[in-house]
Undergrad: 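One structure is given below, represented as structure tokens, and several questions about it will come after.
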Amino acid sequence: MDTLYLVIPCYNEEEVLPETAKQLLQKMNALIAEKKISNKSRIVFVNDGSKDRTWEIISQYHTENPIYQGICLSRNRGHQNALLAGLMTVKDHCDLTISLDADLQDDIDAIDAMIDKYYDGNDVVYGVRSARKTDTFFKKFTAESFYKIMKHLGADVVYNHSDYRLMSRRALDALHSYKEVNIFLRGVVPMIGYPSDIVYYERKERFAGTSKYPLKKMLSFAWEGITSLSTKPITLITRLGMLIFLVSIVMLIYSLVRHIMGATITGWTSLIVSIWAIGGLQLLAIGIIGQYIGKVYLETKERPRFIIKTYLDDETNSESAHNLAK
Ligand code: UDP
Ligand code: MG
């Protein structure tokens, strides 16, 4: 039986925490009783610099029942960092983790299916929303456009998957080798490349409290995702530069023809041609410089160049190694 740690980032969640803690405890006890997970499994709350009583509540739960653990960050660092802090702190104590939001919008009954898929040999199991019935039209529209734009701009994210996700210890170790500071977990986890699967669930309404992701945070989150995963915007600038430069050649021919036909006033031809040519060349030059900056940017991330899944060495076949030695 493997040990499961649930990791839950919490920012000003005093209103939902009691209910969340209660429901998660029931879930964990049921899973332990079914012998799906070991009784060393834990529920870990990460307090992301909350300004309300969140941390007091977490500490109190921990004293009452050691199944609850708490991690307190020095200040608010945002959802992604809080989640990463939790995962990296617990990874050496468990065999698998599941990350979920404190507001129970992600159906916790999907946990069973996730664990089954883990025992089937998957290192990562993504929770994916099958429907967004309870989200407002605005939230649904912005969120779904976000996934589409991300994909278009070269960031490989799982459609309609937030951070409700199972990860094995092996996958967490791989994640640990991504040293980048601007980490966007939803984009980096698929890069790891270990076997993965999907579990569908219906997203519920926030149980209590308000969303900690107002539009402003959502936009900056989307921008963060794009700029930390992809250098495609730079390529777009280079292409635009090339396009405008080509237009300038067309304009050159066009205005020469007009000039020869005598249908222009003095100075028009040279003016028009230089405006287009200079503009195109400038954009092109910025794009080319950008390409190099993009490379430097990717280098500074020091991402792992490969992650080894299996190595068939002497140990995996000790008998033949023994024979060779003879
Ligand atoms: N959260 C966090 N730090 C923040 C903002 C949010 O740890 O700065 C946590 C929050 O407590 C919740 C999760 O991230 O557990 C998702 O936030 P929320 O439910 O407000 O987002 P939504 O579901 O509205 O997108
Ligand atoms: Mg939520």
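Order of appearance sets the numbers: ligands from 1, and atoms from 1 within every ligand.
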Undergrad: Can you establish whether the number of heavy atoms outside Glu299 located under 6.0 Å from its atom CD is more than 12?
TA: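 Atom CD in Glu299 is not packed in, count stays at 12 or less.
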Undergrad: Write out the protein residues near ligand 1, meaning a non-hydrogen atom under 4.0 Å from one of its atoms, in order of chain and number.
TA: Pro9, Cys10, Tyr11, Glu13, Asp48, Asn76, Gly78, His79, Asp101, Ala102, Asp103, Gln105, Lys139, Arg203, Arg206, Ser211, Lys212, Tyr213, Lys217
Undergrad: Which word best sums up how the rings of Phe45 and Tyr61 line up, parallel for under 30°, tilted for 30 to 60°, or perpendicular for over 60°?
TA: tilted
Undergrad: Who pairs with Asp52 by salt bridge (charged side-chain N to carboxylate O under 4.0 Å, His left out), at least two apart in sequence or on another chain?
TA: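 If we apply the salt bridge (charged side-chain N to carboxylate O under 4.0 Å, His left out) test to Asp52, skipping adjacent residues, there are no hits.
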Undergrad: Indicate if Tyr68 and Ile37 have the same hydrophobic cluster label, given that clusters are the connected sets of ILVMFWY residues with side-chain heavy-atom separations under 4.5 angstrom.
TA: yes
Undergrad: When you measure from the side chain of Thr231 to the backbone of Ile234, do you find a donor-acceptor pair of N or O atoms at a distance under 3.5 Å?
TA: no
Undergrad: Under 3.5 Å, is there a donor-acceptor pair linking the side chains of Asp2 and Tyr118?
TA: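 Yes, side-chain donor-acceptor contact under 3.5 Å.
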Undergrad: No waters, cut-off 2.8 Å: how many protein N, O or S atoms are close to the Mg ion (ligand 2)?
TA: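 For the Mg ion (ligand 2), protein nitrogen, oxygen or sulfur atoms under 2.8 Å: 2.
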Undergrad: Whether the Lys51 and Tyr11 side chains hold a donor-acceptor pair (N or O, under 3.5 Å, no angle test) is what I'd like checked.
TA: yes
Undergrad: Other than Phe141, which residues form its hydrophobic cluster under the rule that side-chain heavy atoms must be closer than 4.5 Å?
TA: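 Besides Phe141, the hydrophobic cluster comprises Phe137, listed by chain and residue number.
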Undergrad: Checking Ser162 against Arg129: is there a side-chain donor and acceptor pair closer than 3.5 Å?
TA: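 Note: Arg129 and Ser162 side chains meet the donor-acceptor criterion.
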